[in-house]
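Structure first, commentary second.
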Amino acid sequence: MKARPPAKPSSDFAISEMPDTTPSAEYSKRADSRDAESKRLDRRSVWLGNLKLAAVIVFFVAGAFYVKQHAFSPYWLLIPVLVFFALAVVHDRVIDARQAAKKAAEFYRRGIARIEDRGAGDTGEQFRVADHVYADDLDLFGKGGVFELLCCARTPMGRQTLARWLLAPAPVDEIRQRQQAIDELRSRLDLREDLAITGDDLRSPRQPDWLVEWAESPAALKNPALSVLSTLVALAAIAALVYRGLGGDWIPLLVIIGAASLVASRLRDRVRSLLDAISAAADELALVSALLARIEREPFTAAWLRARAAGLGSSASTPSRSLARLRYLADLANASHNLFVKLIDVPLLYSVQVAFAAESWRRRHGHSVRQWLDALGDLEALVSLSAYAFEHPDDAFPEFLPERVPAIFDAQRIGHPLLPAAHCIRNSVRLGDPAQLLLVSGSNMSGKSTLLRAIGVNVMLAQAGAPVRAARLAMSPVRLGTSIRVTDSLQAGRSGFYAEIVRLRQVMLLTDGGQPVLFLLDELLHGTNSYDRKIGAEGIVRALLERAAIGIVTTHDLALTAIGATAVDGRVRNAHFEDHVEDGAMRFDYLLRDGVVTKSNALELMRSVGLDV
């Protein structure tokens, strides 16, 4: 079966050409190819290692023969030495290529794992926001969550940007531009592979803001005269050392060392602070500059991508080269801890020279760093969404309708992206015209909560710019609020009911923002008595409807289904999930039907686990 491109989104753009195979088969083919390449390079590495050993043996045998016989010029001994170094250079390249092939094969295996709904990436736990209005309910972060399904970013900037896109909706114009960019990038497997294997992975990455803060902070070494003076002192020290080597006395060198010590002591704190700021970032700078170098070579046509690429060309030197230069300075700063460098540090003012070079870099490029890192973060986040689009070719881009009150949400065959495709039951849901609220009743385990999460996750993906797990989705831009998995907290001293009403207040406050709200409420007010629950639930629903919100409320309490009968203007519609007993076991088809459920499975479930009721 051939992979189909996703349905065309609301904005007009061409559908990119897709490989003539399924995504899983394409990944498997490429992984096998990279594995074969890795094995071939491994064999070549062994041969080169043996040749290097042979060159060493030839050198020592020839050297011994020369010492005993003097039968040839000693310059002939340079030949095995030169051969050894030439082989060493080639061997290093082969080792790098072999490592890249291994990383590429692993990259495609991770892609297969994502397609097969196996966790294979960053869980995004560091981006979890306490009491966010939908993130925890929709399994955004954590093992097996949405972020892990999507994220392919290598840098903290890319991961942070992707998390930000998922935590808050983008404006519709921005969403449409992201859709165009995803359409262009989703079939560019070579680009995604290159970005995945370029550079070394960061072992303990820092927060992405540190470099921006350093680049935009005030200069620590402001006096240009000190830079000139330190250079002159270093040159004088070299001259004095040469003078001593030619037979002169020690006095000039000692005088210069004394002057250098004076300069170094005056600048010590500022120099050390400056060098410490960049010395720990050599690996991060190497990765960022390598990723930017690859992106700078890629031609783009989508307006969103071209705008980000233009941001990477905002200075005289390309960002990759500029950051590579800073990485070089970071390596020099790290070298200041070397014993030999410490010996020459004072007379040559080594640390001072490096610090002034870093200050000069900050003066030339510091104002551009934020733009560079923002562009890289945006592109990495978009590459993650384009990988998802490629790996799920049947998912459609949503169509965004003009803003209206109440909003419209019209999904055909919508399913949950975190469920395996073979087991994902899809349903169609329409809100806003004519009914603002869908009141879903049903037994325990019948699929009510899964429906809420399916709609919530797809709304989150849609407003981040990604395709959605639906045959078609047309929706107005909305603010999303949920109350699905709200629990008590012993540490915070909150009961489950209190936590729920706090969340409901958050959802209600969303309606004050002027943009339509989509609410998803599971088992509304389930933590209180039935009398208060019915009155409170009806009051909350009426308040949300009067504020032009649309949404879904689920319940297994049939008393709450009366809200549909008492609400005015037909703004509430009842629907339900069914179950039945088959061979003594509960069976669910997870299909949404009109009307109120007519039976409960609580007693059957209790008996099925051995409770005598």
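- Here Glu523 pairs with Lys448 in a salt bridge; the nearest charged N to carboxylate O distance falls below 4.0 Å.
- Ion pairing of Arg573 with Asp594 is present here, as a side-chain N (NZ or NE/NH1/NH2) and a carboxylate O approach within less than 4.0 Å.
- With respect to Arg188 and Glu298, a salt bridge is recorded, a charged nitrogen being found less than 4.0 Å from a carboxylate O.
- Annotation for Arg404: atom CZ counts as buried by contact number, over 12 foreign heavy atoms lying within 6.0 Å.
- We find that Asp512 and Arg547 are joined by a salt bridge, their nearest charged nitrogen and carboxylate oxygen being less than 4.0 Å apart.
- Ion pairing of Asp139 with Lys143 is absent here, as no side-chain N (NZ or NE/NH1/NH2) approaches a carboxylate O to less than 4.0 Å.
- A centroid separation of 6.0 Å or more is found between the aromatic rings of Tyr590 and Phe577.
- Proximity of a side-chain donor or acceptor of His576 to a complementary backbone N or O of Ser441 within less than 3.5 Å is not detected.
- Ion pairing between Arg30 and Glu193 holds under the 4.0 Å rule for side-chain N and carboxylate O.
- Using a cutoff of 4.0 Å between basic side-chain nitrogens and carboxylate oxygens, Arg542 and Glu538 are scored as salt-bridged.
- A salt bridge is defined here as a Lys NZ or Arg NE, NH1 or NH2 lying under 4.0 Å from an Asp or Glu carboxylate O, and Arg469 with Asp395 meets this definition.
- Between Phe127 and Phe141, the ring planes lie tilted relative to each other; the angle falls in the 30° to 60° range.
- Side-chain atoms of Gln506 and Arg503 include a donor-acceptor pair closer than 3.5 Å.
- A cation-pi arrangement is found for Arg192 relative to Phe390, the charged atom lying closer than 6.0 Å to the ring centre and inside a 45° cone about the ring normal.
- Glu500 places a side-chain N or O within donor-acceptor distance of the main-chain N or O of Leu525, the cut-off being under 3.5 Å.
- Side-chain atoms of Asp183 do not come within 3.5 Å of backbone N or O of Gln179 as any donor-acceptor pair.
- Counting only distance, with no hydrogens or angles, the side chain of Ser476 and the backbone of Ile408 share a donor-acceptor pair below 3.5 Å.
- The side-chain contact (heavy atoms from CB on, under 4.5 Å) check on Ala549 picks up Thr511, Val517, Phe519, Leu544, with sequence neighbours excluded.
- Using modelled atom types and a 3.5 Å distance limit, the side chains of Gln463 and Trp165 yield no donor-acceptor pair.
- No more than 12 heavy atoms of other residues, nucleotides or ligands sit less than 6.0 Å from atom CZ of Arg370.
- A salt bridge is defined here as a Lys NZ or Arg NE, NH1 or NH2 lying under 4.0 Å from an Asp or Glu carboxylate O, and Asp522 with Arg453 fails to meet this definition.
- Look at Arg128 and Asp136 and you find a salt bridge, because one of the NZ, NE, NH1 or NH2 atoms lies within 4.0 Å of a carboxylate O, short of that distance.
- Look at Arg178 and Asp173 and you find no salt bridge, because none of the NZ, NE, NH1 or NH2 atoms lies under 4.0 Å from a carboxylate O.
- With salt bridges taken as basic N to acidic carboxylate O contacts below 4.0 Å, none links Glu380 and Arg159.
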